[in-house]
Structure formats: structure tokens, C-alpha cells
Amino acid sequence: MTSLAIDGKDYPVLSGTVGPEVVDIRKLYANTGRFTYDPGFTSTASCESKITYIDGDAGILLYRGYPIDQLAEQSNFIEVAHLLLNGELPSADEYADFSRHITRHTMIHEQLATFYRGFRRDAHPMAIMCGIVGAMAAFYHDSTDIHDPKQRVIASHRLIAKMPTLAAMAYKYSIGQPFLYPDNSLSFSANFLRMTFGVPAEPYVVDPVVEDAMEKLLILQADHEQNASTSTVRLAGSSGANPFACISAGIACLWGPAHGGANEAALNMLRQIGTPDRIPEFIARAKDKNDPFRLMGFGHRVYKNYDPRAKVMGKVAKQVLDKLGINDPIFDVARELEQIALNDPYFIDKKLYPNVDFYSGVVMSAIGFPTSMFTVLFAISRTVGWIAQWTEMMEDPEQKIGRPRQLYTGATHRDYVPLASR
Ligand code: CMC
């Protein structure tokens, strides 16, 4: 089909390189005086993009064409960041250059560190991240001109490089330990682990299995096409807001339990279940229409098949628990819950499969992160995708401010009644 006729007018049908065609309804309102109605954007493509492709029915996720499992198994986070940002895997020289740029920006302005003291010690680290990342715009004035491509690149590198430093500081602040400066001789992941778990009094030795798990976690969550937080970043950016403000908006959106907060919710749920014998009780609750309880880490707006990220994450969870000698019953609960749900008609009919958050919480907990840091780790990783998507939008000649319309069901015109007469 090349076009779709509505009220006698043709609307072009556009094809991507792969995936469903889209009906271009940009002229619909002008032609018919009607809007489309699509709460939650379940049938709406908001932009054209070349970055990430998901086939939710087949359980496929590609970054710039490369399958996520190949990248997670064979690549590293810096290489994937280059791929997402620039469209291609780097050559050896490009890799060295990109690595150098990212490591050069790992330190933060010393005055930014004083911001942390303004927060309560028990502040959620995501609350701190929303504030601190937004505040970066007050410190890096030379990279807030969004119309200068060089400044956009510098802002991108700053955000990717500084997120681990800021996140580790949020954690250190919450436990009352001193901040650690970055060590640029370490990999992206190892550096973050050291800043989080190291102390100035002792050398910190990075466990290669943990470092590898961290890299995989970061790769798996780096981008996911037009999800809620990415759409938030694009929407914020569409008004011309600076990149630090846009990423801060993305962090705020990611925080919600239906999105990035789900890994925290999934682990809390596994702990609440506690032992495999209690699983049927929770499965019954998830199926009960009158109970708001959902199986966290299950279901996805796009994946109607096994989330390919969950497959890798399940393997990583086993490796980390084995290596660290952790005999955590929640892994048994997770395994058994997965098997029961995968064979239950309710979950089969609704195509509810484990998503990436089902096992990522187990991995992060085994590494030593408190649940409050889970979404922060997601934000470190997703910053790459947000920045790649924001950059793509800024370079798109068709870009315009995002401004959805509505189906208004409120009061029609009525005249103001003074207080004394009401
Ligand atoms: N447990 C039990 N029932 C569920 C679940 C679940 N986890 N997820 C969906 N359903 C049911 C839901 O009740 C509904 O049933 P019915 O058609 O009878 O009303 C049906 O499945 C469709 O659900 P929906 O809420 O309309 O689907 P959605 O696409 O709007 O929601 C979701 C997707 C991810 C918000 C949802 O599956 C959910 O809340 N899952 C648990 C939270 C979670 O794990 N979120 C992480 C998403 S992956 C991370 C990311 O990429 O950000």
C-alpha cells in the first residue's frame, strides 16, 4: 500500500528499512479538521530514526543494525556508545580517540560537589541525579549552545563521562563516605565500580566477572528506541532546551516504576515472595483483576516475546552469583517464577514475558548496589541512547517542537460567577 484514503483524500504510507509501515497523517487536521486519538502513543511513530530497531513480536533488538546479544557478548560499553552516537563501530584509531575524549571528561567541576551537601542524607539517589544533572547547565556554559555542532558533541561527551562520577557521588553521599575522584586508567565500568565501592584508605581491586557484568548491564540498557524517557528527552529538546536539562528530564521520567524503576520494583517483589512455595499466591494476585498487583519485570509495551536483553541478563546473573559465591534464594524464586509464568495461560495469552528488569535487579544486588541505585545505573547507561536520540533530533531538518493535541471533554464555555454569588 502506498497511501491510505480518508474522506476521499490520500495520505502517504511511508516505509522504513524494516518494520511496520507508517501512515503520514501530517495533513489530516488541515484536510479534515480532525485529530487522531492515541493515548500512550500505541500506534504513533513520533519521529524518523536510524538508531535502534525493535521487533517486539520476534524478540529482536538491534543497535544500528547489530543484534543486542552480539554486542553484549563481544563488544564493550565505550564501543557501543560510539556506535549509537556515530552510527558505526569505531576503527582502532576512532576507538582510541573516542575513549580518550570520554575519559578526559570524567571529573566534575569541584563546585558541583558542594551541591550534594544540600540534599538530605536519605534522599533517593534518583532525586539527586535529577537535580545534579540539570545543574550541569549552570557549570558548562561552553556546551549549551545547541545550534553549534561542536558544543553538542562536547556536551554529549561530558554527559556520558560524568554520569558515573555523579552517580557514585550520590551513593557515597547517602552512606556518608568520601567522594572518590575518577581513575582514568580503568575501564568505564571498573572506574564506576571503584568510585562506588572503593575508599580512599585502601586500593580497590576490580573483580573481572563483576566488571564484565557491569559492561553487559550498561550495553543492554543503552538504548531502546522511542521509550518514555527517550521521548521525554526528545520532547524537552524539541523546545530548544539545553542537553543537560533534557537529560535531567529523561532521568525524571526513567524513575517511574513502569519504566526504569521496574528493576527496583522487581527485586523488591522477589524478596517479598521470598521462597518458591509462595509463588502461586503471587501469580494468583497478578491474575486477579481486582488486585492492582502486577508481576514486576514481566510484560512490555513492545516485546510480545522474550525480551532479548532478559536472556543475556539471566546468564549474567548466574555467572555473577556463581563467581561471588552468593547463594541467594531470590535467584531460585526468579527462575521458578519465570517457568511458572511462561507456562500459565494468563501470561501466554497476554504475551507477558520477562523483561530486562527481571534479572538486572538480581545482578545489581549481587554486585552490592542497594535497590535505590538500580535506576541510577540504568540512567548511566541510557544517557548514551538519550544523547544519541537528542543529537539525531537536533540534526533532523524536519524537527519541530513536540506538541500533541487532545480530545477535550471538559466544560464548554461558561461565565465567571463572583465568589459571593456561588
Ligand atoms: N503482571 C500481570 N498482568 C500484566 C502485567 C504484569 N506484569 N503486565 C501487563 N499485564 C496485563 C494487564 O493487566 C492487561 O490486562 P487486560 O488486558 O486484561 O487489562 C494486559 O496485560 C496488557 O497490559 P497493559 O498495561 O495494557 O500493557 P502496556 O503495554 O500498557 O504495559 C508495562 C506495559 C511494561 C507497563 C506492563 O506490562 C507492566 O506494568 N509491567 C510491569 C512493570 C515492568 O516490568 N516494567 C518494565 C518495562 S521494561 C523496562 C523498560 O524498557 O523501560
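For ligands, and for the atoms within them, numbers begin at 1 and follow the listed sequence.
- At under 3.5 Å, not a single nitrogen or oxygen of Ala262, backbone or side chain, sits near a nitrogen or oxygen of ligand 1.
- Using cut-offs of 30° and 60° on the angle between ring planes, the pair His224 and Tyr303 is tilted.
- Considering only non-hydrogen protein atoms, atom 31 (O) of ligand 1 sits nearest to Arg294 NH1, 4.3 Å.
- Below 4.0 Å from some heavy atom of Gly297 lie the following atoms of ligand 1, by number and element: 43 (C), 44 (O).
- A tilted orientation is assigned to the rings of Trp255 and His124, their planes being inclined by 30° to 60°.
- Residue pairs satisfying the side chain to side chain donor-acceptor pair (under 3.5 Å) criterion with at least one member in residues 235-247, sequence neighbours excluded, are absent.
- Looking only at protein heavy atoms, the nearest one to atom 42 (C) of ligand 1 is Met296 CE, 3.3 Å.
- Listed by number with element, the atoms of ligand 1 under 4.0 Å from a non-hydrogen atom of Arg301 are 28 (P), 29 (O), 30 (O), 33 (C).
- Nearest to atom 34 (C) of ligand 1 among the protein's heavy atoms is Gly299 O, 3.7 Å.
- In terms of protein heavy atoms, atom 50 (C) of ligand 1 is closest to His259 ND1, 3.8 Å.
- Of the heavy atoms in Lys350, only side-chain atoms (C-beta onward) come closer than 4.0 Å to ligand 1.
- Between the side chain of Ser248 and the main chain of Phe244, no donor-acceptor pair closer than 3.5 Å is present.
- In this structure, Arg309 is part of the shell of residues with a heavy atom less than 4.0 angstrom from ligand 1.
- Under 4.0 Å from ligand 1, not a single heavy atom of Phe358 appears.
- If you number the atoms of ligand 1 from 1 as listed, the ones under 4.0 Å from a heavy atom of Asp357 come out as 46 (C), 48 (S), 49 (C).
- Ion pairing between a basic and an acidic side chain is recognised when a charged N comes within 4.0 Å of a carboxylate O; Asp332 and Arg335 show no such pairing.
- Using a 4.0 Å threshold on non-hydrogen atoms, atom 26 (O) of ligand 1 does not count as touching the protein.
- Aromatic rings from Tyr353 and Phe347 are positioned such that their centres are separated by 6.0 Å or more.
- Aromatic ring centres of Phe179 and Tyr171 lie farther apart than the 6.0 Å criterion allows.
- Put simply, the side chain of Met214 reaches to within 4.5 Å of the side chain of Phe369, judged on heavy atoms.
- Taking only non-hydrogen atoms, the option from Leu295, Thr42, Asp349, Thr230 nearest to atom 1 (N) of ligand 1 is Leu295.
- Put simply, atom 22 (C) of ligand 1 has no protein non-hydrogen atoms near it, under 4.0 Å away.
- The distance criterion of under 3.5 Å between nitrogen or oxygen atoms is met by Tyr346 with respect to ligand 1.
- Seen from the ring of Phe293, Arg285 counts as a face-on cation partner, given the 6.0 Å and 45° thresholds.
- Counting only distance, with no hydrogens or angles, the side chain of Gln151 and the backbone of Thr144 share a donor-acceptor pair below 3.5 Å.
- Nearest protein heavy-atom contact of atom 19 (O) of ligand 1 is Lys289 NZ, 3.2 Å.
- Residue contacts with ligand 1: Lys287 is excluded, as none of its non-hydrogen atoms falls under 4.0 Å.
- Taking the centre and axis of the six-membered ring of Tyr29, the NZ or CZ atom of Arg34 falls outside the cone set by 45° and 6.0 Å.
- With hydrogens and angles ignored, the 3.5 Å screen pairs no side-chain donor or acceptor of Asp10 with any backbone N or O of Ser3.
- Open room surrounds CD on Glu48; 12 or fewer heavy atoms of other groups in view lie less than 6.0 Å from it.
- Among all non-hydrogen protein atoms, the one lying nearest atom 41 (C) of ligand 1 is Phe298 O, 3.4 Å.
- Of all protein heavy atoms, the one closest to atom 47 (C) of ligand 1 is Asn355 ND2, 3.6 Å.
- In this structure, atom 37 (O) of ligand 1 is in close contact with the protein, since a protein heavy atom lies within 4.0 Å of it.
- The closest approach between Phe293 and ligand 1 stays at or above 4.0 Å for every heavy atom of the residue.
- Between the side chain of Tyr63 and the backbone N or O of Ala222 there is at least one donor-acceptor pair closer than 3.5 Å.
- Among Gly256, Pro257, Ala286, the residue whose heavy atom lies nearest to atom 2 (C) of ligand 1 is Ala286.
- In this structure, Leu352 is part of the shell of residues with a heavy atom less than 4.0 angstrom from ligand 1.
- Nearest protein heavy-atom contact of atom 51 (O) of ligand 1 is His300 NE2, 3.1 Å.
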